[in-house]
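Chain A is the first sequence line, chain B the second, and so forth, proteins listed ahead of strands; every chain is numbered from 1.
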Protein chains: 2
Amino acid sequence: MRDTRAELLAQAEILVRGRGYSGFSYGDLAEAVSIRKASIHHHFRTKTDLALALVAAYDARYDVALAGIMAAQPDAASRIEAYGRLYLTGVEDGLGCLCAVLAIEMDTLPDVLRADLARFFDKHIAWLERVLTEGCADGSLRPGLDPAATARMVVATLEGALLLERLLAGSAGFRSTLAALSDGLRPPRIA
Amino acid sequence: MRDTRAELLAQAEILVRGRGYSGFSYGDLAEAVSIRKASIHHHFRTKTDLALALVAAYDARYDVALAGIMAAQPDAASRIEAYGRLYLTGVEDGLGCLCAVLAIEMDTLPDVLRADLARFFDKHIAWLERVLTEGCADGSLRPGLDPAATARMVVATLEGALLLERLLAGSAGFRSTLAALSDGLRPPRIA
DNA sequence: TTGTGGCTACCATCTAGTAGGTAGATTTTT
DNA sequence: AAAAATCTACCTACTAGATGGTAGCCACAA
């Protein structure tokens, strides 16, 4: 038995991340999943409902990933790098960040959706702020670094790099940015 | 005598930067400029023609701005900061970067347009790389920093910050990211 | 027998784009 | 200088196709 709802979410995510929210239609999605356009409405009454479900699923996946990083990585510096690598699959698959794509079209989005997007990013920033604060304390990151500001900067850099390198140099470009980012966070070498 | 073509470009830019490329229509634009939809086709035969003109005008404005920074700012560190401040008006006006918006919808864009976008970003990266190389030499930036990688990172950070802070904390958030970015580029304090 | 998950057929509205016309300015020809 | 031709910038009216969404029907499983 196939899980149509899950397939719809998976294909819709690919479509949105590649073409933007207004850039994909129920028609496209129907074709991708091989059911009729009207049948999609059975699973997601409106396009907004679909978008909300998309963000919720995406957000949940990130929750798992962030918890995994906390468990697998010992220190702040490697946690930040592991966080950065999360974005890498997007570049490799030629897909932007779902929430970045939606954020771009902000002005056309319903308020609920916009609020969910803000929550998504705020959560990442808060997580990074905690990691960065630890990193300053344990010496794996440059002391005197502002955790709140740097957390915002890290998310911005990775979102920006995904956006850019999908268009430009692909994963090589992304890795290069990731290296430059880590460089700026490391404690200064006493050479 | 009013310059309808210029008004079309100005209003179209606002629409695209706020709602995405597929998110705005000739109908919207016609209303914004108070002429009939069909009349727009007189100035821009197709939507792609309009997008190309939009990018060309945007790119030209940045050329002027970059030249201005070279003339007005004495050292690399202040040039980078001035470059960062260029993005600030976007945050303040609640408008994303035109080329970032278009890049998000990459998969739907005609090849010509995609090539123009790549050229836009490559130009910025090349400019920054030059400035960064100078900065390493004259000591206003952290020595040993990789100019090519850092240039990509700077553009990524600013594009990402514009995207994020338009949704989140506005210009305060953006300034905070800008400060964290500069911090990472500065030579280490010998406290 | 009730709910699930599809379907066909439809709807109003919007989409980019076309056809063809008009009023006025500019340019060319006489 | 007058007349003719052309160009500019807009218009109304239209097209074909896409858009999100609705109504109602059917098969099947619990």
Side-chain angles (χ1 to χ4, degrees), chain A residues 1-55 57 98 101-102 104-114, chain B residues 1-55 57 98 101-102 104-114:
Chain A
M1 188 193 94
R2 70 180 211 152
D3 186 345
T4 308
R5 196 191 137 94
E7 261 179 73
L8 284 168
L9 282 171
Q11 291 302 318
E13 187 180 310
I14 291 171
L15 286 167
V16 174
R17 291 174 65 187
R19 315 158 44 146
Y21 180 62
S22 338
F24 102 102
S25 73
Y26 267 31
D28 301 328
L29 182 54
E31 206 188 324
V33 178
S34 300
I35 62 172
R36 299 292 151 191
K37 188 171 61 105
S39 308
I40 301 175
H41 287 281
H42 175 74
H43 299 274
F44 303 99
R45 223 174 50 77
T46 68
K47 209 186 169 188
T48 300
D49 290 333
L50 172 56
L52 287 168
L54 241 27
V55 172
L98 176 73
V101 168
L102 291 168
I104 284 281
E105 286 165 77
M106 236 179 70
D107 289 7
T108 57
L109 301 181
D111 289 350
V112 239
L113 189 47
R114 225 179 319 181
Chain B
M1 189 194 95
R2 73 181 208 150
D3 186 344
T4 307
R5 195 191 139 93
E7 261 179 73
L8 284 168
L9 282 172
Q11 292 300 318
E13 188 181 308
I14 291 171
L15 286 167
V16 174
R17 290 173 66 186
R19 316 159 45 148
Y21 181 62
S22 337
F24 102 103
S25 74
Y26 267 31
D28 300 327
L29 182 54
E31 206 189 324
V33 178
S34 301
I35 64 172
R36 299 294 151 188
K37 188 171 60 102
S39 308
I40 301 174
H41 287 280
H42 175 71
H43 299 274
F44 303 98
R45 222 173 52 74
T46 68
K47 210 184 169 189
T48 300
D49 290 334
L50 172 56
L52 287 168
L54 242 26
V55 172
L98 176 74
V101 168
L102 292 168
I104 284 281
E105 287 164 78
M106 235 179 70
D107 290 7
T108 57
L109 300 181
D111 288 350
V112 237
L113 189 46
R114 222 179 320 182

I'd like to check the side chain to side chain donor-acceptor pair (under 3.5 Å) partners of [X]; sequence neighbours left out, ordered by chain and number.
X	answer
A/Glu7	A/Arg2
B/Asp28	B/Arg19, B/Ser25
A/Thr46	A/Asp49
B/Gln11	none

Nearest heavy atoms of [X] and [Y], plus distance in Å:
X	Y	answer
B/Leu113	B/Ala51	CD2-CB, 3.6 Å
A/Lys47	A/Ser22	NZ-CA, 4.0 Å
B/Val101	B/Val16	CG1-O, 3.4 Å
A/Thr48	A/Pro110	CG2-CG, 3.5 Å

Inset, instruction - Under the side-chain contact (heavy atoms from CB on, under 4.5 Å) rule, collect the residues that match up with B/Leu50, sequence neighbours excluded. - result: B/Leu9, B/Ala12, B/Phe24, B/Tyr26, B/Leu29, B/Phe44, B/Leu54
Legend entry - Overall bend - the helix from C/dT1-D/dA30 to C/dT30-D/dA1, comparing terminal axes fitted on five pairs, nearest 10 degrees: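 It comes to 10° between the two terminal axes.
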Legend entry - Donor-acceptor under 3.5 Å (A/Glu105 side chain, B/Gly23 main chain):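 Side chain of A/Glu105 to backbone of B/Gly23: no pair is present.
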Legend entry - Members of residues 7-14 of chain B that approach DNA chain D, where some heavy atom sits under 4.0 Å away: none
Legend entry - Nearest-0.5 Å distance, CZ of residue B/Arg5 to CD1 of residue B/Ile40: 13.0 Å
Legend entry - Point-to-point distance, once rounded to the nearest 0.5 Å, from CG of A/Asp107 to CZ of B/Arg17: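 Those atoms lie 11.5 Å apart.
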Legend entry - chain A footprint on DNA chain C, 5' to 3' - any atom under 4.0 Å from a heavy atom: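 The contacted stretch runs from C/dT4 to C/dA9.
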Inset, instruction - Return the value, rounded to whole Å, for the distance between atom CG of B/Asp3 and atom C1' of D/dT8. - result: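 So the two atoms are 13 Å apart, to the nearest Å.
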Legend entry - B/Arg114 atom CZ, neighbour heavy-atom count above 12 within 6.0 Å: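 Yes, because the 6.0 Å sphere around CZ of B/Arg114 holds more than 12 heavy atoms from other groups.
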Legend entry - Phosphate contact (D/dA9 OP1 or OP2) by B/Ser39 side-chain N/O below 4.0 Å: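 No, outside the criterion.
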Legend entry - Footprint string (nucleotides 18-30 of chain D, 5' to 3'): B base within contact, S backbone only, - free, heavy atoms under 4.0 Å: -SBBB--------
